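Inspection log for the structure reproduced underneath, given as structure tokens.
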Amino acid sequence: MSETKKILVAVGTRPEAIKMAPVILALRRQSWASVTVLATAQHRQMLDQVMAAFGIDADIDLNLMRPNQSLPELTSRILLGMDEVLRENSYDAVLVQGDTTTVMGVALSAFYRNIPVGHVEAGLRTGDIRNPFPEEMNRVVAGRLSKWHFAPTRSASDNLLREGFPAESVHVTGNTVIDALKAVASRDLDVGVPLPADKRLVLVTSHRRENFGEPLRRICHAVRELVERHEDIHVLFPVHPNPNVTATVEEILGGNPGVTLTQPLDYLPFVAAMKASYLILSDSGGVQEEAPALGKPVLVLRRETERPEAVAEGVAALVGPDSEAIVRQAGRLLTDPAAYAQMARGASPYGDGHASERIVRILGADLQAA
Ligand code: UD1
Ligand code: UDP
């Protein structure tokens, strides 16, 4: 019988937990794997929301979130907290997902303790080290520190091969976000927020650091103009709790009868909201991947994207945080059925729903051969 391998799976923020949940559940089904789930809790409430949705409890919780935390303080707390964990326990591998400060800090901590790292959603790049900030640098650093690169798409894998990573360390698996979505999307889900039944729903999210300040103000002004121009739409905007986001959104959109502002939705109600929506406006990475899989056109509120596949397929469009462009492009989709149908075709360039199985199979084969 093969020896049990000890895997530490780290999650810090909402998107990491959503995308790592299928991997954790798949690993738990393996007889060769002993899984420890570690929450840095870089996010507190939003991480807990997702863990509860997937029925996953953290075995170790560093409980690191502080109000309006800065990158240096968060990074230091992650490094110190992780080192204590890694000093006291031995692991055969550490898994991280994505491009947050948790990912960079946990991968660096594992490197200091000489533990091999597997990077889920590896190889995404804009090519501009300051954009998105700090995520592009986080994923470059995590990549350098990793032994296994689980790339969601061929183009992500090509980025890694171009950077010189050995081909045998790079695996195209699909994105686990589609595994998570497929596990729930066919259920009868409820948004759980009262919304006018006679209006088309436009779902909006925004939280990127590059959009703080003036760009987010322009996004909010565009939303206000859209509801003024199109009386048959209603906007649902679950507001990210980062204080840089809430203050601006409340100031410009608070009290507007055409806009419902809510706390972040739990994952299942948020999937329900995506399914119920006519159109999605978002600067989120995960939402850019989910919307096409649900056949919903998504206007990306950023100037560049590390997820070019949906734009190339014509089911997502980059509009940037620019009021005029948002109002024009959203307006076209709201009034031109042919343009809408073209973008609402549905496509799933990010995966087939089996990414986590592939990741677990590759990891298991490698660790057991060692
Ligand atoms: C972080 C990630 C970003 C990711 C996003 C997903 C970094 C630097 N940023 O951005 O890449 O796209 O998460 O949502 O890793 N807060 C709460 N409750 C929560 C979560 C956040 O109150 O559950 C507030 C706190 O005041 C916290 C602040 O938001 O200090 C910022 O959280 P942080 O994780 O540092 O940055 P995000 O903007 O959430
Ligand atoms: N999401 C959610 N509730 C919300 C908004 C988003 O559950 O109110 C989910 C969404 O389905 C996606 C993920 O959160 O899977 C995206 O997280 P976020 O936008 O915070 O981060 P990013 O993907 O940009 O890093």
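This one's a predicted model, so the numbers in the text were calculated from it and none came from an experiment.
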- request: For D99 and L124, run side chain to side chain contact (heavy atoms under 4.5 Å, CB included): C-alpha distance rounded to whole Å, both residues' side-chain angles, the deciding distance at 0.1 Å, then the answer.
  value: CA-CA 9 Å; D99 54 19; L124 273 59; 5.6 Å; no

- prompt: Does R307 offer a backbone N or O that forms a donor-acceptor pair with the side chain of Y350 under 3.5 Å?
  reply: yes

- prompt: Taking side chain as C-beta onward, heavy atoms only, is N175 less than 4.5 Å from T153?
  reply: no

message: Keeping Q30 on the side-chain end and A26 on the backbone end, is there a donor-acceptor pair under 3.5 Å?
response: yes

query: Any side-chain donor paired with an acceptor under 3.5 Å for S282 and T205?
result: yes

field: A107 to V96 - nearest heavy-atom pair and separation
entry: N-CG1, 4.4 Å

Distance in Å, W32 CH2 paired with L363 CG, rounded so as to fall on 0.5 Å steps: 4.5 Å

task: Using distance alone, with no hydrogens and no angle criterion, decide if R208 and N211 have a side-chain donor and acceptor under 3.5 Å apart.
output: no

Donor-acceptor pair between T40 and T102 side chains, under 3.5 angstrom: yes

query: When rounded to the nearest 0.5 angstrom, what distance separates OG in S109 from CG in L79?
result: 4.5 Å

- line: Heavy-atom closest pair (L181 atom, A293 atom, distance to 0.1 Å) is CD2-CB, 3.9 Å

statement: On a heavy-atom basis, the closest approach of K19 and G286 is NZ-CA, 4.0 Å

message: Test side chain to side chain contact (heavy atoms under 4.5 Å, CB included) on V9 and L38; report intermediate values, then the result.
response: CA-CA 6 Å; V9 183; L38 177 139; over 6 Å; no

query: Can you tell which of R224, R218, R217 makes a side-chain contact (heavy atoms from CB on, under 4.5 Å) with S323?
result: R218

query: Do the side-chain N and O atoms of D59 and T36 include a donor-acceptor pair separated by under 3.5 angstrom?
result: no

- request: Kindly work out whether a path of hydrophobic side-chain contacts (I/L/V/M/F/W/Y, heavy atoms less than 4.5 Å apart) joins V23 to L25.
  value: yes

message: When you measure from the side chain of K6 to the backbone of V35, do you find a donor-acceptor pair of N or O atoms at a distance under 3.5 Å?
response: no

message: Do L216 and L253 land in one hydrophobic cluster if side-chain heavy atoms of ILVMFWY residues count as linked below 4.5 Å?
response: yes

field: Side-chain touch T100/V103, heavy atoms, less than 4.5 angstrom
entry: yes

message: Less than 4.5 Å apart, side chain to side chain, heavy atoms only: is that true for T176 and M20?
response: no

- prompt: CG of L236 to CG of L265: how many Å apart, nearest 0.5 Å?
  reply: 6.0 Å

- prompt: Is a side-chain donor or acceptor of Y340 paired with a backbone partner of Y278 at a separation under 3.5 angstrom?
  reply: yes

statement: When H119, E306, E121 are each screened for side chain to side chain donor-acceptor pair (under 3.5 Å) with R139, the one that passes is E306

- request: Please report the shortest heavy-atom distance between A272 and L189, naming the atom on each side.
  value: CB-CB, 3.6 Å

message: Assess whether a salt bridge exists between K182 and E290, defined as any Lys/Arg side-chain N lying under 4.0 Å from an Asp/Glu carboxylate O.
response: no

message: More than 12 heavy atoms of other residues, nucleotides or ligands under 6.0 Å from CZ of R87: yes or no?
response: yes

message: Hydrogens and angles aside, do N242 and N244 bring a side-chain donor and acceptor to less than 3.5 Å of each other?
response: yes

query: Could you walk me through whether R361 and E357 pass the salt bridge (charged side-chain N to carboxylate O under 4.0 Å, His left out) check?
result: CA-CA 6 Å; R361 198 163 55 233; E357 289 160 32; 5.1 Å; no

field: Heavy atoms of other groups near Q263 CD, more than 12 under 6.0 Å
entry: no

message: Applying side chain to side chain donor-acceptor pair (under 3.5 Å) to N131 and T126, what does each step give before you reach the verdict?
response: CA-CA 7 Å; N131 229 330; T126 61; over 6 Å; no

- prompt: If we ignore angles and hydrogens, is there a donor and acceptor under 3.5 Å between the side chains of T13 and Q42?
  reply: no

query: Between Q97 and A17, is there a donor-acceptor pair closer than 3.5 Å when you use the side chain of the first and the backbone of the second?
result: no

- prompt: Are the side chain of E250 and the backbone of A247 linked by a donor-acceptor contact shorter than 3.5 Å?
  reply: no

- request: Could you pull out the closest heavy-atom pair between S284 and V287, with the gap in Å?
  value: OG-N, 3.1 Å

- prompt: What do the steps show when you test H171 against H149 for side chain to side chain contact (heavy atoms under 4.5 Å, CB included), and what is the final call?
  reply: CA-CA 6 Å; H171 310 272; H149 307 271; 5.9 Å; no

- request: Find out whether V298 and L281 are in side-chain contact, i.e. whether some heavy atom of one side chain is under 4.5 Å from a heavy atom of the other.
  value: no

query: Take atom CZ in R200; do more than 12 heavy atoms of anything else shown fall under 6.0 Å from it?
result: yes

message: Working to the nearest 0.5 angstrom, can you tell me the gap between L333 CG and H230 NE2?
response: 10.0 Å

- prompt: Are more than 12 heavy atoms from other residues, nucleotides or ligands located less than 6.0 Å from atom CG of D232?
  reply: yes

field: Sub-4.5 Å side-chain heavy-atom contact between D48 and H43
entry: no

message: Closer than 3.5 angstrom, by distance alone: can the side chain of S34 be matched with the main-chain N or O of T4 as a donor-acceptor pair?
response: no

field: Distance in Å, T305 OG1 paired with R125 CZ, rounded so as to fall on 0.5 Å steps
entry: 13.5 Å

message: Among M343, R345, Q342, exactly one meets side-chain contact (heavy atoms from CB on, under 4.5 Å) together with V315. Which residue is that?
response: R345

task: For E214, look at atom CD and say whether over 12 heavy atoms of other residues, nucleotides or ligands are found less than 6.0 Å away.
output: yes

query: Given D352 and I178, is the side chain to side chain contact (heavy atoms under 4.5 Å, CB included) satisfied, shown in steps?
result: CA-CA 7 Å; D352 61 1; I178 305 296; over 6 Å; no

message: One pair to check against salt bridge (charged side-chain N to carboxylate O under 4.0 Å, His left out): E135 and R209. What are the steps and the verdict?
response: CA-CA 10 Å; E135 290 84 2; R209 269 181 165 70; 5.4 Å; no

message: I'd like to know if V319 and V223 are part of one continuous hydrophobic network [Ile/Leu/Val/Met/Phe/Trp/Tyr, side-chain heavy atoms within less than 4.5 Å].
response: yes

Whether D283 side chain and R302 backbone form a donor-acceptor pair below 3.5 Å: no

- request: Give a yes or no answer on whether the side chain of R77 reaches the backbone of L64 with a donor-acceptor pair at less than 3.5 Å.
  value: yes

message: Using modelled atom types and a 3.5 Å cut-off, is there a donor and acceptor pairing between side-chain atoms of D336 and backbone atoms of R332?
response: no

message: Taking R154 first and then D158, would you say they form a salt bridge - that is, a charged N and a carboxylate O separated by under 4.0 Å?
response: no

query: What pairs with E16 under salt bridge (Lys or Arg N to Asp or Glu O under 4.0 Å), at least two apart in sequence or on another chain?
result: none

query: Would a hydrophobic clustering, with Ile, Leu, Val, Met, Phe, Trp and Tyr connected at side-chain separations under 4.5 Å, put V120 with V50?
result: yes

- prompt: Hey, what do you get for OG (S146) to CZ (F111), rounding to the nearest 0.5 Å?
  reply: 11.5 Å

message: Ignoring hydrogens, what is the shortest heavy-atom contact between A151 and S157? Give both atom names and the distance.
response: CB-N, 3.7 Å

field: In one Ile/Leu/Val/Met/Phe/Trp/Tyr side-chain cluster, 4.5 Å: F212, L261
entry: yes

